[in-house]
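Notes to accompany the following structure.
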There are 2 protein chains.
Amino acid sequence: MPPAIDLRLQPRLEELVEFLRRHLAARRALLILLATCTVEYEGRSASHLGKGDRLIIIKPDGAILVHRPWGYSPVNWQPDSKILEVFTETQPEHEEVVVIKSVRARPREVLLVKISKAYLVVAAQGLEDSAEFVEYLDEHQIRDILATHPEEIEPGLRIVRIEKPIEPGFIDLYGVDRQGYNVIIEIKRVTASTSAVKQLKEYVDAFKAKNPHIRVRGILIAPSISKEALLLLNRYGLEYKQINIEKLYRKYFSLEKRSIQKRISILNFIGKAASNSH
Amino acid sequence: MPPAIDLRLQPRLEELVEFLRRHLAARRALLILLATCTVEYEGRSASHLGKGDRLIIIKPDGAILVHRPWGYSPVNWQPDSKILEVFTETQPEHEEVVVIKSVRARPREVLLVKISKAYLVVAAQGLEDSAEFVEYLDEHQIRDILATHPEEIEPGLRIVRIEKPIEPGFIDLYGVDRQGYNVIIEIKRVTASTSAVKQLKEYVDAFKAKNPHIRVRGILIAPSISKEALLLLNRYGLEYKQINIEKLYRKYFSLEKRSIQKRISILNFIGKAASNSH
DNA sequence: AACTTCATGTCGCGG
DNA sequence: CCGCGACGTGAAGTT
């Protein structure tokens with residue numbers, strides 16, 4: 001059954017209130033508003049946004065987004081809210097507005113969208129979206145690939161443990177090198193910064209503290225590393241190993257849990273993107 | 001001049017292509033789509049999203065958001081993109097789709113939204129939004145308030161320097177206490193975690209290394225602190241001072257650069273929100 | 001452009 | 001519900 005769409009162009013404010021209340025009562029509508037409004041927020045922080053044209057979205061789960069006509073981020077929002085009220089109010093300057101008030105319990109946060117003029121309001125009932133979202137190339141997968149193919153890190157390396165628990169956290173990969181030295185490996189999927197170096201240092205130190213007599217190396221694996229991070233790394237006597245994530249992925253991505261079709265399509269896709277970028 | 005709104009309900013795919021192309025060519029439209037689609041992404045990561053009903057937004061600056069019917073975050077997006085193409089394509093399963101292809105140059109990322117059925121498409125031309133967005137209670141402001149009113153940290157404390165540069169970063173506040181000891185202060189506006197403690201420790205150590213003969217205290221200021229963080233803090237011989245950000249703000253927020261009107265309204269607002277929460 | 005730090009970060013996972 | 005870490009983090013500011 002396709003979604004049912006109800007909409008009003010240039011609704012009067014009374015109409016808008018009625019429309020919103022009706023569709024919010026139904027509880028399963030996605031609401032879209034184009035309107036001139038101001039926005040007040042108070043909670044973990046507080047903010048005031050003056051009058052302007054915005055896109056306002058209220059999702060069936062109570063999430064609210066107020067978007068300005070540019071950029072990725074909403075200017076104001078509420079990730080979810082159980083309490084949602086719609087009412088009219090007369091501003092100190094005698095202007096009539098429709099207020100959408102959303103209250104979140106914990107942390108306590110209040111969002112007020114005050115609409116002075118609505119251009120369009122849409123309600124969509126019965127949107128269906130149960131599809132799976134599959135992500136590739138996250139740290140988890142890179143870690144698993146490297147665990148299965150440690151020769152990509154260095155010849156003779158043997159991985160002993162994945163996600164080895166240590167005093168303050170988990171070691172991504174833990175193994176033994178050709179010479180028999182213990183190796184602690186920290187993986188980053190983006191440019192490694194000083195914080196990654198510090199994290200690795202912390203693990204190595206914790207390991208040394210617990211095993212004073214065992215020799216241990218620390219390797220930071222990332223597609224790139226910042227200059228500062230490399231300096232600090234060297235100062236700490238740690239090592240850096242560069243990897244090409246896309247190459248690794250194309251070489252090894254296995255699919256015990258995935259369909260051949262998916263694999264082919266994603267690999268084709270990556271292939272095309274790569275060749276496009278020549 | 002109010003924004004001009006153009007829309008189509010249940011457009012056929014050919015209509016949709018024409019509609020999108022026309023309004024993208026005009027270059028100043030905000031586009032809103034309700035449609036059944038799949039989404040492919042490839043760039044810093046890669047993802048595949050199966051078929052479902054989504055809200056798709058294309059902003060005048062080329063930002064694209066694909067929202068599922070729940071949650072705060074878009075499932076796929078493009079923060080901005082210079083290259084935007086719309087075309088029809090026949091899928092391997094012989095299904096006809098409208099593809100919105102967005103390419104971002106750096107980092108190179110490709111987003112493909114493949115629409116098999118559109119329920120609604122809206123174009124809004126000439127949205128006006130030049131209003132100022134004023135934020136309160138960010139770390140900057142808390143830091144400035146504490147710098148002006150160090151007695152809120154402890155009696156007799158004198159702040160000497162704000163954002164004092166040190167080896168790896170900046171000390172939020174640097175001062176001298178009643179006894180003449182140097183004090184390094186790190187401020188967090190949310191619950192302090194172990195990383196905040198480590199950061200403070202790092203600053204204190206760096207200071208000690210540079211000034212071996214000078215006694216120095218380290219104080220972590222935050223509205224709350226995690227158990228682990230407090231333990232670590234004590235182990236390091238550092239101190240924790242709890243603050244109530246809202247209280248501080250209401251007591252001291254000054255407005256050299258702000259209008260009285262704004263101040264009154266936000267304070268009223270905070271007041272009301274606080275009393276509501278009783 | 002590289003790099004750092006803040007954020008109403010959000011989100012998911014584990015205890 | 002905390003607490004911690006990853007994120008296609010985004011966004012702002014500095015070098």
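Order of the sequence lines sets the chain letters (A, B, ...), proteins ahead of strands, with each chain counted from 1.
To the nearest angstrom, P of C/dC13 lies 13 Å from CZ of A/Arg143. At whole-Å resolution of the value, CG in B/Asp172 and C1' in C/dT5 are 10 Å apart. The distance between atom NE2 of B/His48 and atom P of D/dG8, rounded to the nearest whole Å, is 17 Å.
Within residues 186-196 of chain B, the residues that have a heavy atom under 4.0 Å from DNA chain D are, in order of number, B/Ser193, B/Thr194.
Residue contacts for A/Glu163: at a heavy-atom cut-off of 4.0 Å it reaches no nucleic acid atom on any strand shown.
Annotation: side chain of B/Asp129 is not in contact with side chain of B/Leu127 (no heavy-atom distance under 4.5 Å). Here the side chains of A/Lys188 and A/Ser193 are not in contact, with every heavy-atom distance at 4.5 Å or above.
Annotation: B/Glu128, atom CD; neighbour count of heavy atoms from other residues, nucleotides and ligands within 6.0 Å does not exceed 12. Applying the 6.0 Å contact sphere to CD of A/Glu228 captures no more than 12 heavy atoms from other residues, nucleotides or ligands.
Remark: the A/Glu139 side chain and the D/dG5 base include no donor-acceptor N/O pair separated by less than 3.5 Å. In this model, no side-chain donor or acceptor of A/Asp138 finds a partner on the base of D/dG8 within 3.5 Å.
Screening residues 57-85 of chain B for ring-ring contact (aromatic ring centres under 6.0 Å, His included) gives A/Tyr72-B/Trp77, A/Trp77-B/Tyr72 as the qualifying pairs, with residues at least two apart or on separate chains.
Of the candidates B/Glu152, B/Glu246, B/His149, B/Glu152 is the only one forming a side chain to side chain donor-acceptor pair (under 3.5 Å) with B/Lys251.
Ranking C/dC3, D/dC4, D/dG8 by closeness to the B/Glu228 side chain, first place goes to D/dC4. Here the nucleotide nearest the side chain of B/Tyr203, chosen from C/dT5, D/dG8, D/dC4, is C/dT5.
Between A/Ser47 and C/dT8 there is no side-chain N or O to OP1 or OP2 distance below 4.0 Å.
D/dC4 and D/dG8 have their P atoms separated by 22 Å, with the value rounded to a whole Å.
Ring geometry, B/Tyr249 versus B/Tyr136: the interplanar angle exceeds 60°, so the pair is classed perpendicular (tilted spans 30 to 60°).
The backbone N or O of A/Val75 sits nowhere less than 3.5 Å from a side-chain atom of A/Arg68 that would complete a donor-acceptor pair.
For the pair A/Asp80 and A/Ile225, nearest-nucleotide mapping onto DNA chain C gives the more 5' position to A/Ile225.
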>> Within the 4.0 Å limit for protein heavy atoms, which parts of nucleotides 10-15 of chain D are touched? Write it as a string from 5' to 3', B for base, S for sugar-phosphate only, - for none.
In response: SS----
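Counted by atom type alone, B/Ser224 and B/Thr191 present one or more donor-acceptor pairs between their side chains at under 3.5 Å.
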